[in-house]
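Structure first, commentary second.
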Amino acid sequence: MRGEFVIARALAEAGIPYGLGDLRVSIPDFLLADGAGGGGGPVAGVEVTAVSPKGIAGLCELVESEGGLGDVRVELEFTAYPSPLQDGAAGQILDAVRVQAAVLAGGGQAGDAVVTVEDKKNVVPVTVTVRVRPGWGPLMWQVTGGELEGPMASAEYAVFQAVRGEAKAEQGRSLDGAPVILAVDISRYGAAWMRPARVWAGRLAVNEDFGAGYPFAAVGVFRQSLATSAVLDAAVGIPSHLAPEARRTVLGLYERLGWTAAPTD
């Protein structure tokens, strides 16, 4: 919902008139007008969604909210940046923290624990080393693997799979030929925030899932933060097969918003 609010604010600040879609039918969240006041149907639409599985942030919140650990310092080390950390994996990691904390409370010396995360959506295998040390301190985590190809492939897959289900696909085809843009909030999807907008735009435009049968005319990503009401690092990919008039409409929209688009020719 907050993603929709920041997109609405961006449209208003850019002077782009819009109406809200009817929640009772499959149409986009925002229906954009041409600004000429001539009536008629919308010239474009924007559908906002989010991909935000439980990941490192959710795991840290889970561990930090655990009571009864005593004065301990928890350290988590990931071999790759995970996108999702499902409940089962998070539970195993929390159990390892509990066991080590109990050993320390009993005067023993806790050894490291290693948890393997089995989730194909991470693209690459991820193992988590759990260390609990005596002495109070904030939870610390790090990713030791510097290769981001797997985490970014996971993020791209999630963006294009955001339209799974016929209802969402119908929203992309609902405006009688007017282009509909899918805007995906990736704020909480694994390492997606590490890729700059100019790179995201190019990668989205050439993604193999962006074929002629894809229901949306263009796909964009953006981030948001509770520290600001602005849209952050917005980028859009425009497929090569998009009709010239629709391409001009999409590019004009993104130029007015000041967001990054590719390709622009």
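Note that the structure is predicted; figures quoted are calculated from it, not measured.
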Hey, mind stepping through Val128 and Thr79 against side chain to side chain contact (heavy atoms under 4.5 Å, CB included) and telling me if it holds? CA-CA 7 Å; Val128 186; Thr79 57; over 6 Å; no
Which residues end up grouped with Met1 if you chain together Ile, Leu, Val, Met, Phe, Trp and Tyr wherever their side-chain heavy atoms are less than 4.5 Å apart? Phe5
Could you check whether any side-chain heavy atom of Leu31 comes within less than 4.5 Å of a side-chain heavy atom of Leu175, counting everything from C-beta outward? yes
Distance in Å, Leu69 CG paired with Gln100 CD, rounded so as to fall on 0.5 Å steps: 11.0 Å
Steps toward side chain to side chain contact (heavy atoms under 4.5 Å, CB included) verdict (Val123, Lys121): CA-CA 5 Å; Val123 179; Lys121 290 183 180 179; over 6 Å; no
Cluster companions of Trp136 among Ile, Leu, Val, Met, Phe, Trp, Tyr (side-chain spacing under 4.5 Å): none
Between CD1 on residue Ile181 and CG on residue Leu32, distance to nearest 0.5 Å: 7.0 Å
Heavy-atom closest contact (Ala80 atom, Pro125 atom, distance): CB-O, 4.2 Å
Which distance, rounded to the nearest 0.5 Å, do you find between the CD of Glu208 and the OH of Tyr157? 11.5 Å
Donor-acceptor pair, side chain of Thr228 and main chain of Ser225, under 3.5 angstrom: no
Over all heavy atoms of both residues, which pair between Ala191 and Leu148 is shortest? Give the atoms and the distance, please. CB-CD2, 4.3 Å
Phe222 and side-chain contact (heavy atoms from CB on, under 4.5 Å): which partner among Leu232, Val48, Val236, Ile186? Val48
Please evaluate residues Val117 and Asn122 with respect to the criterion side chain to side chain contact (heavy atoms under 4.5 Å, CB included), reporting the C-alpha separation (whole Å), side-chain torsions for both, the decisive distance (0.1 Å), and the verdict. CA-CA 9 Å; Val117 178; Asn122 285 319; 3.8 Å; yes
Give the cluster check for Val72 versus Leu94: same hydrophobic cluster or not, with ILVMFWY residues linked at side-chain heavy-atom distances below 4.5 Å. yes
Checking Asp119 now: which residues fulfil side chain to side chain donor-acceptor pair (under 3.5 Å) with it, not counting sequence neighbours? Gln86
Mind jotting down which residue pairs meet the side-chain hydrogen bond (donor to acceptor under 3.5 Å, both in side chains) criterion with at least one end in residues 194-207? Sequence neighbours excluded, please. Glu156-Arg195, Glu156-Arg203, Glu156-Asn207
How close do Ser174 and Pro28 get, heavy atom to heavy atom, and via which atoms? OG-CD, 3.3 Å
Plane angle bin for Phe216 and Tyr214 - parallel if under 30°, tilted between 30 and 60°, otherwise perpendicular: tilted
Can you name the side chain to side chain donor-acceptor pair (under 3.5 Å) partners of Asp233, sequence neighbours left out? Arg223
List in chain and number order the residues that pass salt bridge (charged side-chain N to carboxylate O under 4.0 Å, His left out) with Arg9, two or more places apart in sequence or in another chain; answer none if no residue qualifies. Glu13
Glu47 side chain to Asp29 main-chain N or O, any donor-acceptor pair under 3.5 Å? yes
Beyond-backbone contact of Val115 with Thr127, side-chain heavy atoms, under 4.5 angstrom: no
Just checking, any donor-acceptor pair under 3.5 angstrom between side chains of Ser154 and Tyr189? yes
Who are the salt bridge (charged side-chain N to carboxylate O under 4.0 Å, His left out) partners of Asp95, not counting sequence neighbours? Arg98
Ile7 and Trp259 have their tightest heavy-atom pair at CD1-CH2, 3.7 Å
Start with the C-alpha gap between Val219 and Val159, add the side-chain angles, then the distance that decides, and say whether side chain to side chain contact (heavy atoms under 4.5 Å, CB included) holds. CA-CA 8 Å; Val219 175; Val159 167; 3.6 Å; yes
Glu118 vs Thr116 side-chain heavy atoms within contact, under 4.5 Å: yes
In the structure I gave you, are the side-chain heavy atoms of Glu66 and Val97 within less than 4.5 Å of one another anywhere? no
Salt bridge (charged side-chain N to carboxylate O under 4.0 Å, His left out): which pairs involve residues 172-187, sequence neighbours left out? Glu166-Arg173
Can you tell me how far OG of Ser26 sits from CD of Glu170, rounded to the nearest 0.5 angstrom? 4.5 Å
Would you call Arg131 and Thr129 a side-chain contact if the rule is heavy atoms closer than 4.5 Å? yes
Determine whether Val132 and Arg73 make a side-chain contact, defined as any pair of heavy atoms from C-beta on separated by less than 4.5 Å. no
Under the salt bridge (charged side-chain N to carboxylate O under 4.0 Å, His left out) test, residues paired with Glu245 that sit two or more places apart: none
Minimum heavy-atom distance between Val250 and Pro179, given as atom pair plus value: CG2-CB, 4.0 Å
When you measure from the side chain of Thr49 to the backbone N and O of Ala162, does any donor-acceptor pair fall under 3.5 Å? no
To the nearest 0.5 angstrom, please state how far the CG atom of Leu20 sits from the CD atom of Glu4. 9.0 Å
For residues 137-144, dump all side-chain donor-acceptor pairs below 3.5 Å to protein atoms at least two apart in sequence or in another chain.
| unit_1 | atom_1 | unit_2 | atom_2 | d |
| --- | --- | --- | --- | --- |
| Gln142 | NE2 | Glu77 | OE1 | 3.3 |
| Thr144 | OG1 | Phe78 | O | 3.2 |

Residues Val231 and Val6: closest non-hydrogen pair is CG2-O, 3.5 Å
Across all chains, not counting sequence neighbours, the salt bridge (charged side-chain N to carboxylate O under 4.0 Å, His left out) partners of Glu255 are none
Side chain to side chain donor-acceptor pair (under 3.5 Å) filter on Ser240, not counting sequence neighbours, yields none
Does a salt bridge link Arg133 with Asp71, judged by any charged N lying under 4.0 Å from a carboxylate O? no
Are any of the side-chain heavy atoms of Met194 and Met152 separated by less than 4.5 Å? yes
Side-chain contact test, heavy atoms from C-beta onward, threshold under 4.5 Å: evaluate it for Val46 versus Val180 and give yes or no. no
